[in-house]
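Notes for the one structure printed next.
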Amino acid sequence: MTRTVLESKTRTVIMGFDEPFCVIGERINPTGRKKLAAELEAGDFSTVVADALAQVAAGAAVLDVNAGVVYNSNPDPNVTEPPLMRQVIELVQGVVDVPLCIDSSVPGALEAGLEAAEGRPLLNSVTGEEERLERVLPMVKKYGVPVVAISNDDTGISEDPDVRFAVARKIVERAADFGIPAQDIVVDPLVMPVGAMASAGQQVFALVRRLREELGVNTTCGASNISFGLPDRHGINTAFLPMAIGAGMTSAIMNPVAMPVTQAKIAAKKAELEAAGVILPPLEDAAFVRLFGLGAMSAGPGAEMRAIRAANFLMNKDPHGTAWIAMNKGEEGAGEPRGGRRGGRRRRA
């Protein structure tokens, strides 16, 4: 049975067909987050710390770390990203103890992350492009770590699922040439937005089954891609994730945290009700938010995390419903991943 082992300094997380679904928290990534990018360039890591703590508290078993800031002072990521990656990883390891996923398109940043990471991180990522294979696979072998394999190559991202499967098979075969076993390849079959391609969900479910049955590999995805550009994205995501789990997907890179409702949203709802002539008795904000289903007053596990926990329970990957019950009681540690202690630095080839 395929088991992809990830480690922090003292904790082990296992991806596998019979293991609970592995949630990889995506929030430590400045892409599309101008405020975070500006903070990182200024040497302010307060948001990184807050995101690391919130994601683990919400149930993330692994944290993705991306330091891809385009500096205004120096736009060359080959120069700026490696030292920043090292700094962010060292900081995150100082506040949480979960395995990390080192995420970059810059080979130097990947290596800097591998040098700084304790345990056995996941490397994100390699594609089927020849140049990328030749740069990344030797690094994977050198540090003895698993890697995310993204199903696109020199021709780009194909809408044909058979082509994406062929790219995944190529990466697995090339990795084997370097002595990297299939259990250390976690394939991202690439989830297309269902709003742009009606068969996107069906495609990825079929691809995940093939990847499991024919290549014997674990799988991951950017979970929110499925709902891109559509209203009520959480609703689509919470349907998609249990279906993907049922098809055999074993992990996803996603946001596990439901962010607290803003005062602006509360005020807007009150104004809407007032304009409609609705008269309410005096209510505390918390009661008002609950009454109108606006969300939560504090950060916690999001709807997607609840759907994943329920799917784990229904598929007998949560013995006696322990994690499900703990999460709904709000108990500390409800989101901790399963796995025994296995400390020490990663093994090198």
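Start at 1 with the first residue, then count along the sequence.
A salt bridge links K170 with E130; the closest basic N to acidic carboxylate O contact falls under 4.0 Å. Using a 4.0 Å cut-off between charged side-chain N and carboxylate O, R233 and E304 make no salt bridge. Salt bridge E115/R86: present, at least one basic N to carboxylate O contact under 4.0 Å.
Hydrophobic clustering of Ile, Leu, Val, Met, Phe, Trp and Tyr side chains at less than 4.5 Å, counting indirect connections, keeps V148 apart from V106. L230 is connected to V204 through a chain of hydrophobic side-chain contacts under 4.5 Å among Ile, Leu, Val, Met, Phe, Trp and Tyr, so both are in one cluster. Criterion: ILVMFWY side-chain heavy atoms under 4.5 Å apart, direct or through other members. Under it, L280 and V261 are part of a common hydrophobic cluster. The hydrophobic cluster containing V95 also contains L40, counting ILVMFWY residues as joined when their side-chain heavy atoms lie under 4.5 angstrom apart, directly or transitively.
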Extract all donor-acceptor atom pairs below 3.5 Å that involve side chains of residues 48-62 and protein atoms in other chains or at least two apart in sequence.
| from | atom 1 | to | atom 2 | distance (Å) |
| --- | --- | --- | --- | --- |
| D51 | OD2 | R33 | NH1 | 3.0 |
| D51 | OD2 | R33 | NH2 | 3.1 |
| Q55 | OE1 | E26 | N | 3.0 |
| Q55 | OE1 | R27 | N | 3.0 |
| Q55 | NE2 | D51 | O | 3.2 |

Could you pull out all donor-acceptor pairs under 3.5 Å where a side-chain atom in residues 266-275 meets a protein atom, sequence neighbours excluded?
| from | atom 1 | to | atom 2 | distance (Å) |
| --- | --- | --- | --- | --- |
| K270 | NZ | D285 | OD1 | 3.3 |

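Nearest approach of F240 to V191, heavy atoms of both residues: CZ-CG2, 4.0 Å. Nearest heavy-atom pair across L215 and A168 is CD1-C, 4.1 Å. Minimum heavy-atom separation, V13 to C22: CG1-SG, 4.0 Å. Scanning both residues, I308 and M254, for their nearest heavy atoms gives CD1-SD, 3.5 Å. When all heavy atoms of M192 and I157 are compared, the closest pair comes out as CE-CG2, 3.3 Å. Across all non-hydrogen atoms, the minimal contact from P231 to I236 is O-CD1, 4.1 Å.
Screening I102, V147, L100, D103 against N124 for a side chain to side chain contact (heavy atoms under 4.5 Å, CB included) leaves a single residue, D103.
For E214, the salt bridge (charged side-chain N to carboxylate O under 4.0 Å, His left out) partners at least two apart in sequence or on another chain are R210. Residues passing the salt bridge (charged side-chain N to carboxylate O under 4.0 Å, His left out) test with E90, sequence neighbours excluded: none. By the salt bridge (charged side-chain N to carboxylate O under 4.0 Å, His left out) test, K35 pairs with E39, sequence neighbours left out.
Rounded to the nearest 0.5 angstrom, I89 CD1 and L84 CG are separated by 10.0 Å. Atom CE of residue M305 and atom CG of residue L241 lie 10.0 Å apart, to the nearest 0.5 angstrom. Here the straight-line distance linking atom NZ of K142 with atom CD of E111 works out to 4.0 Å at 0.5 Å rounding. We find the OG1-CG distance between T12 and L6 to be 9.0 Å, quoted to the nearest 0.5 Å. Residue Q93 holds its CD atom at 9.0 Å from CG of D97, rounded to the nearest 0.5 Å. We find the CG-OG1 distance between N312 and T322 to be 12.0 Å, quoted to the nearest 0.5 Å.
No side-chain heavy atom of P99 sits less than 4.5 Å from a side-chain heavy atom of P121. When side chains are defined from C-beta on, T220 counts as touching I24, because their heavy atoms get closer than 4.5 Å. Side-chain atoms of E284 and F288, non-hydrogen and from C-beta on, never get closer than 4.5 Å to each other. In this structure, the side chains of S151 and V187 come closer than 4.5 Å at one or more pairs of heavy atoms. No side-chain heavy atom of L314 sits under 4.5 Å from any side-chain heavy atom of W324. Contact annotation: the side chain of F165 approaches that of L207 to within less than 4.5 Å [non-hydrogen atoms, C-beta and beyond]. The closest side-chain heavy-atom distance from F228 to V194 is not below 4.5 Å. Two residues are said to be in side-chain contact when any heavy atoms from C-beta on lie closer than 4.5 Å; T219 and M15 fail this criterion.
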Legend entry - V172/V217 under side-chain contact (heavy atoms from CB on, under 4.5 Å): CA gap, chis, key distance, verdict: CA-CA 9 Å; V172 170; V217 293; 4.0 Å; yes
Legend entry - F45/Q87 under side-chain contact (heavy atoms from CB on, under 4.5 Å): CA gap, chis, key distance, verdict: CA-CA 10 Å; F45 298 97; Q87 193 172 7; 3.5 Å; yes
Legend entry - side-chain contact (heavy atoms from CB on, under 4.5 Å) evaluation trace for T250 with F17: CA-CA 6 Å; T250 50; F17 306 140; 3.8 Å; yes
Inset, instruction - Start with the C-alpha distance between V136 and L123, add both sets of side-chain angles, then the distance that settles side-chain contact (heavy atoms from CB on, under 4.5 Å), and finish with yes or no. - result: CA-CA 9 Å; V136 176; L123 200 66; 3.9 Å; yes
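There is no side-chain donor-acceptor pair under 3.5 Å between N328 and R309. Of the N and O atoms on the side chains of S8 and E118, not one donor lies less than 3.5 Å from an acceptor on the other residue. Using a 3.5 Å distance cut-off with no hydrogens or angles, the side chains of T2 and N218 do not pair a donor with an acceptor. Between S227 and N237, the side chains place a donor N or O and an acceptor N or O closer than 3.5 Å (distance only, hydrogens not considered).
Within the structure, every pair that satisfies the side-chain hydrogen bond (donor to acceptor under 3.5 Å, both in side chains) test and touches residues 177-200, not counting sequence neighbours, is listed here: R120-D184.
When the shell of 6.0 Å around CG of N316 is examined, it contains 12 or fewer heavy atoms from other residues, nucleotides or ligands. Taking a 6.0 Å sphere around CE of M243, one finds it holds 12 or fewer heavy atoms contributed by other residues, nucleotides or ligands.
A side-chain donor-acceptor contact under 3.5 Å links R164 to the backbone of S158.
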